[in-house]
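Protein chains get the first letters and strands the later ones, always in sequence-line order, with residue 1 at the start of each. Values below: every heavy atom of this structure, side chains too, minus hydrogens, waters and symmetry copies.
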Number of protein chains: 2
Amino acid sequence: MTALHSPFSRKLGAFVALSGEELSALERLHGRRKSFAAGRDMVHQGQVNQSAYILASGWVCSYKLLSGGTRQIVDFQIPGDFLGLRSVLFRTADHNIEPVTRVEASEVLASDLLETFSRTPRLATAVLWAASRDEAMVVEHLVGIGRRDAKERTAHFLLELGARLKLVGLGTALEYSCPLSQYMLADAMGLSAVHVNRVLRELREDGLVTFQQGEVTIHDLDRLVTLADFDKTYLDHDGPLLK
Amino acid sequence: MTALHSPFSRKLGAFVALSGEELSALERLHGRRKSFAAGRDMVHQGQVNQSAYILASGWVCSYKLLSGGTRQIVDFQIPGDFLGLRSVLFRTADHNIEPVTRVEASEVLASDLLETFSRTPRLATAVLWAASRDEAMVVEHLVGIGRRDAKERTAHFLLELGARLKLVGLGTALEYSCPLSQYMLADAMGLSAVHVNRVLRELREDGLVTFQQGEVTIHDLDRLVTLADFDKTYLDHDGPLLK
DNA sequence: ATCGTGGACTGAGGCAGATCAGTGCCAGTG
DNA sequence: CACTGGCACTGATCTGCCTCAGTCCACGAT
């Protein structure tokens, strides 16, 4: 697969119109392809001189561990997402990265990344753009945990996931497959797994959305969007913002 | 005040060793100085073609409104912080920005910012660094709201604020002044104002920290750090990371 | 002087969601 | 085959935090 067709290039291209030269610089950035088994952390909190990765297939989650032994999942990454940018920029990882499924990813060496930035500066801007979008997702996540109740939060979460997957061609607005267990949802949404289970049942009984056997099916998009107060503008936009 | 001495330049310099030329490009970036009254929003959700700002003095908060009328404060900004980067990159603001006190800030036009990035690319990398640090703070905030109880969360919040203020010379590790009302703390921490009040009293009665009349005084740093599970590495580091 | 306003602070009562302690259903695996 | 471990799911109980409904300042405006 060339960078020209990689989901990552496509994503950056949505922010900054990329020249042929920039596209091939992106292509060279994709270093060695690596494979990771589900459940075994790719990166640990505190590790130094980590590489970053561009996710080709599979799902991963980024989380932080607390002293009490609980964890908070900050975000899930899906194919086309960039992993561990902060770990590279700060030389030491401030969070763990765990593959949720088997994962294929291209390693990006810190030195290559910084050199690419200096030689093709517009790519630095493009990556800044992508990082800002990630931050917007974390912010939305924060708002959800802080001010939405469990049902709204879960609805919002499932809608966001659907929108993201649709953007990379891994599902439709109404249906997608999702390898996350209820335990992981709980760790992501700041709930207990028990409560996630009950909330999913309620959403199902309300005829809004079903999440069973790894498949999410949205039955009533409008009502779900209203319940969740979901506004997808932070995920998407029309055409490159920088010509 | 020249950019050479502005807190913002100092902050970026902590990430990327800046040349004289880069420093003066930064200086030129500081556009018109503007002043804002407390309480009147500088930026609204949904506004397009906003400028960004570099905060010179005063405090502001960034928050999102929910349909229910509640709000979640995402972060507070203090002098030296960059405001509204996302609003500029995405052309439309996804959050509100409200001055907490009277505020002095330099306006940064979107076009100037992008032009600066293309002419002095290392500044794009530096801003990427700063944005990543902001994201790290939001992530820490997310973890707190998701997995820390009200007392730990409040302790963590006060410690983080102290560390940030110390970095820009506005307080010591043990004492600083803080213009935030308990209502704002509540909106930031995902609690009710009533509960914030009780938690602050408990922290005071435990001899850990006092927050009264706009002054925060930490009485027992060690126990507070332990309670909050506070690790300040995400805020600070030694020397520029990019020479 | 008094009124109004905004913030700190308090008590009582209710509820969302946590915790505890399970059951049942697979898919491995030795 | 029985045994194990992971996940979905459930009922009972408990609790952290919210909501409501106030009081009591300190202040600036009239």
Side-chain angles (χ1 to χ4, degrees), chain A residues 37-40 59 61 66 68-73 98-102 144-155 157-158 177-205 209-216 227, chain B residues 37-40 59 61 66 68-72 98-102 144-155 157-158 177-205 209-217 227:
Chain A
R40 205 121 60 200
W59 293 43
C61 69
L66 283 96
T70 57
R71 69 171 181 173
Q72 174 67 45
I73 292 179
E98 176 189 319
V100 172
T101 62
R102 168 156 285 280
I145 292 192
R147 291 294 169 197
R148 277 189 261 263
D149 70 22
K151 212 164 166 179
E152 296 165 353
R153 204 183 302 172
T154 307
F157 180 84
L158 294 175
S177 46
C178 171
L180 306 176
S181 72
Q182 296 183 348
Y183 289 86
M184 288 190 210
L185 293 186
D187 282 342
M189 297 196 295
L191 297 169
S192 68
V194 172
H195 204 61
V196 168
N197 183 283
R198 289 192 235 270
V199 167
L200 287 176
R201 172 160 52 79
E202 284 174 41
L203 289 172
R204 198 185 321 130
E205 287 170 357
V209 55
T210 303
F211 180 4
Q212 270 171 334
Q213 278 109 242
E215 289 295 321
V216 174
L227 170 66
Chain B
R40 206 121 60 199
W59 292 44
C61 70
L66 283 94
T70 57
R71 68 170 182 175
Q72 173 69 44
E98 176 189 319
V100 171
T101 62
R102 168 157 284 281
I145 292 192
R147 290 295 169 200
R148 277 189 262 261
D149 69 23
K151 210 164 166 179
E152 296 164 353
R153 205 182 302 171
T154 306
F157 180 84
L158 294 175
S177 46
C178 171
L180 306 175
S181 73
Q182 294 183 350
Y183 288 86
M184 289 190 209
L185 294 186
D187 282 342
M189 297 197 295
L191 297 169
S192 68
V194 173
H195 204 61
V196 167
N197 183 282
R198 289 191 233 272
V199 167
L200 287 176
R201 172 161 53 78
E202 283 175 41
L203 289 172
R204 197 185 323 130
E205 286 169 357
V209 56
T210 303
F211 181 3
Q212 270 170 335
Q213 279 110 243
E215 289 295 321
V216 175
T217 313
L227 170 66

Rounded to 10°, tell me the angle between the two end axes of the helix from C/dA1-D/dT30 to C/dG30-D/dC1, each built from five pairs. 30°
As a test of reading the structure: which of D/dT10, C/dA18, D/dC17 is closest to the side chain of B/Ala150, going by heavy atoms? D/dC17
Nearest heavy atom decides the nucleotide; on that basis, is A/Gln182 or A/Arg147 closer to the 5' end of DNA chain D? A/Gln182
Heavy-atom distance under 4.5 Å between the side chains of B/Glu152 and B/Asp149, does that happen here? yes
Using the closest heavy atom to pick a nucleotide of DNA chain D for each, name whichever of B/Ser192 or B/Tyr183 lands nearer the 5' end. B/Ser192
Closest to the side chain of A/His195, out of C/dT10, D/dC18, C/dG17, is C/dG17
Using heavy atoms to find the nearest nucleotide of DNA chain C for A/Asp149 and B/Phe211 separately, return the residue whose nucleotide is more 5′. B/Phe211
Only one of B/Leu191, B/Val199, B/Asn197, B/Leu200 clears side-chain contact (heavy atoms from CB on, under 4.5 Å) with B/Leu185; which? B/Leu200
OP1 or OP2 of C/dA8 versus the side-chain N and O atoms of B/Gln213: is any pair under 4.0 Å? no
Less than 4.5 Å apart, any side-chain heavy atom of B/Glu215 and any of B/Thr210? no
Where B/Cys61 and B/Arg71 come nearest, the two heavy atoms and their spacing: SG-NH1, 4.4 Å
In terms of side-chain heavy atoms of B/Arg198, which of C/dG11, C/dA18, D/dT10 is nearest? C/dG11
Do the non-hydrogen side-chain atoms of A/Thr154 and A/Val196 ever get within less than 4.5 Å of each other? no
